[in-house]
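Worth knowing before you read on, the calculation uses all heavy atoms, side chains too, and leaves out hydrogens, waters and symmetry mates. Below, chains carry the letters A, B, ... as their sequence lines are ordered, and counting in each starts from 1.
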2 protein chains.
Amino acid sequence: MNPKKKQLLDAAYQLFVEKGYQSTSIQDILDQSVVSKGTFYNYFSSKNELFIDVFNTVFEKMRNARKEILVGRDVSDYETFIQQGNCYLELMQKYKLYTLFEEAIASNEKELKAFMENNRLLEIEWTYHRLRDLFGEAKTPYLLDLAVIYTGMLQYAMYFFRQSEPNTQPERVVRYVFNRLTHLVEDVSRTEEQLIPPRFLSVWLDRPQDEVVIRKELFEKTNAHMKRLITLSPISEESKEAHDEVLDFIYEELLERKKPKIHLLRRALETLAEDPIFTGQEIMTQYQGMVDEIAHIRTRVQ
Amino acid sequence: MNPKKKQLLDAAYQLFVEKGYQSTSIQDILDQSVVSKGTFYNYFSSKNELFIDVFNTVFEKMRNARKEILVGRDVSDYETFIQQGNCYLELMQKYKLYTLFEEAIASNEKELKAFMENNRLLEIEWTYHRLRDLFGEAKTPYLLDLAVIYTGMLQYAMYFFRQSEPNTQPERVVRYVFNRLTHLVEDVSRTEEQLIPPRFLSVWLDRPQDEVVIRKELFEKTNAHMKRLITLSPISEESKEAHDEVLDFIYEELLERKKPKIHLLRRALETLAEDPIFTGQEIMTQYQGMVDEIAHIRTRVQ
DNA sequence: AACAAATTAGACTTACTGTACAAAAGGAGC
DNA sequence: GCTCCTTTTGTACAGTAAGTCTAATTTGTT
């Protein structure tokens, strides 16, 4: 990287952390980095852009540090997850990023806000995926809610905990909040309460394709499971064949058609659901939910 | 109120809500209210002060609306609490205060930040007291944690829920989060995990005396309960008398002495705890906790 | 040495907060 | 209607900061 640019980035990082974003003037950064105004505007079109540039790398570093904790370890291990949370928060504390990020996220500068917003969403997404690692695919419908709630608990608990004991490790807080979370996983999967369907994650992050790919895997499993169920069920061979046809139709229509015919799909699903071997079965509602979600995403992609 | 001042407050409120704090210049407010700059600075020393003046009354209105829901109703009724939460969030939504408050709380202006900070604390305090109404005094040690966590869950759930369904009532969110909370109350009182002792509430709000008064009541009850326990227990009259003396000593020393002798108190407590009738009893740990807290507050008041 | 690219210093525009003060308007009592 | 005092106005001014522009200087390369 160009030395002048690096000087600017370093000085900016230092000053932002030290004094906050608004209170750091471009002149401050120029003085600190011993670079002239002209050069500054040669590399960055505004202070916002500089900030984004600086903290993109900071975020990346933090995420990498967190990722490294996972290597060679079981993704479903609770302890690993706690360590990852702890690591992330320790870095936040070490670099005193709390207030700075608060300032940026509430900034009235559109670009900045959007940048921080996106990072917030990436955090939720990461948590969502990790919760799926920890608690299993079966809990998926509730995991976006739990990721959101977990993040909220953690943020607030950290905030107030720092006020009561400023210089302690965040580990106690992470542990406390995680213990609460494990209870809530059981709680919501028992009561089946859902607030925000997980498909919104990709809506927010505006990358519907991803979600289709992720869903596809899960859908294929469920589809295969349904087929197995049918062959094992005590119904006539004719019905079995009919069901198989429907399943194949749904599969093709849903995943391979350019523009799935939603109404046809619904109809097909209904005929399937009418069979007594499926009524009241959890697998059926799961299956229906998946079809709905994927159809929803795919029509949006159009 | 002076008409010019009112004009300014009205215009400021409208513009702040519409455009945000930073993006509203004083000139904008002057234009909107048809008041001159001189008059503005006659009534407010800065834009910050104006903001604080405006939103002090807004906060008050919101709190009053919430308070009115409680009149004539049982403070321990869950439904009432949910309605109160819902009411507060609806007002936040109605007046579009979310982003505005976010902006203010992260502002780099010290006064503003302090003002919002204080309001945040008042919210936690309110929640804490209401949770005590709902779940009873026995849960007190865990209720600050729960108030903090509840607020965090609610904020984050609301934030993301608004993104998925922008124009719906917050009631679903409040209900969802409250349901989770009820589980956590059982959870933490079973595992006895505590993150932030409730005394910090008054430390943060910087009014230590209050807390002594509040604690005193609770302490008296527990003290009386201990005495009853002793008279009913199968130990010698001599031991009973000895224990009674210790209890009285602690009571006087702790609540009536100007400067309680902490080490003596600790010693007295230990002798009490040594008796087998107390070992492992929850009441004893509660009692010890209370003594610790009150002693802590009272020495700080000094 | 010659040339191109990077860099500098500083003047300049725009937009905002907050100060200062003289002039004008308003209102209460006589 | 007149006086006195307060409120209000209009405007000029100082200070800060973001961002633009340009002529001059430095640096690196061939």
Side-chain angles (χ1 to χ4, degrees), chain A residues 1-55 99-100 103-104 106-116, chain B residues 1-55 99-100 103-104 106-116:
Chain A
M1 165 155 0
N2 183 296
K4 290 285 166 187
K5 190 173 178 185
K6 189 162 164 25
Q7 271 167 261
L8 282 167
L9 287 169
D10 289 347
Y13 171 73
Q14 195 187 322
L15 287 169
F16 285 155
V17 166
E18 214 169 88
K19 309 175 32 169
Y21 179 71
Q22 302 263 12
S23 311
T24 302
S25 71
I26 290 183
Q27 196 53 55
D28 290 339
I29 299 169
L30 300 181
D31 294 347
Q32 172 92 12
S33 61
V34 205
V35 168
S36 77
K37 209 170 206 176
T39 310
F40 177 93
Y41 281 101
N42 189 23
Y43 289 111
F44 307 99
S45 69
S46 67
K47 204 169 81 163
N48 284 343
E49 203 185 289
L50 173 64
F51 182 94
I52 292 174
D53 217 333
V54 168
F55 286 97
T99 44
L100 185 59
E103 194 186 330
S107 151
N108 50 328
E109 327 272 335
K110 260 193 189 161
E111 299 163 274
L112 250 195
K113 212 178 164 115
F115 171 69
M116 295 305 290
Chain B
M1 166 153 1
N2 182 295
K4 290 283 165 188
K5 190 173 178 186
K6 188 160 166 29
Q7 270 167 262
L8 283 167
L9 287 170
D10 289 346
Y13 170 74
Q14 194 187 322
L15 288 169
F16 285 154
V17 166
E18 214 168 90
K19 308 174 33 168
Y21 179 70
Q22 303 264 10
S23 310
T24 302
S25 73
I26 290 184
Q27 196 54 54
D28 290 339
I29 299 170
L30 299 182
D31 294 347
Q32 172 92 13
S33 61
V34 205
V35 167
S36 76
K37 207 173 208 177
T39 309
F40 178 94
Y41 281 102
N42 189 21
Y43 288 111
F44 307 99
S45 70
S46 68
K47 204 168 81 161
N48 282 344
E49 204 185 288
L50 173 64
F51 181 93
I52 292 174
D53 217 332
V54 169
F55 287 97
T99 44
L100 185 60
E103 193 185 341
S107 150
N108 51 329
E109 327 270 336
K110 261 193 189 162
E111 301 162 274
L112 249 195
K113 213 180 165 113
F115 170 69
M116 296 305 290

Let's test your reading of the model: under 3.5 Å, does the base of D:dG10 pair with the side chain of B:K37 as donor and acceptor?
no
Between A:T24 and A:G38, which has a closest nucleotide on DNA chain D that is more 5'?
A:T24
Under a 3.5 Å cutoff, is there a donor and acceptor pairing between the side chains of A:Q14 and A:D10?
no
Does the side chain of [X] get closer than 4.0 angstrom to OP1 or OP2 of [N] through an N or O atom?
X     : N     : result
A:T39 : C:dA6 : no
B:K5  : D:dT7 : no
B:Y43 : D:dT7 : no

I need the [atom1]-[atom2] distance between [X] and [N], as an integer number of Å.
X     : N      : atom1 : atom2 : answer
A:N2  : C:dA5  : CG    : P     : 15 Å
B:L30 : D:dT11 : CG    : C1'   : 13 Å
A:D28 : D:dA17 : CG    : C1'   : 10 Å
A:F40 : D:dC21 : CZ    : C1'   : 16 Å
A:L8  : C:dA6  : CG    : P     : 15 Å
A:I26 : C:dT8  : CD1   : P     : 15 Å
A:F51 : D:dA18 : CZ    : C1'   : 17 Å
B:N42 : C:dC21 : CG    : C1'   : 14 Å

State, to 0.1 Å, how close [X] and [Y] come at their nearest heavy-atom pair, and which atoms those are.
X     : Y     : value
B:Q7  : B:V34 : NE2-O, 4.0 Å
B:Q22 : A:Q22 : NE2-NE2, 3.7 Å
B:S45 : B:E49 : OG-OE1, 2.6 Å

With the side chain defined as heavy atoms from C-beta on, B:K4 is closest, among C:dT8, D:dG19, D:dT9, to D:dT9
Between A:Y21 and A:F51, how do the two ring planes meet: parallel, tilted or perpendicular, split at 30° and 60°?
perpendicular
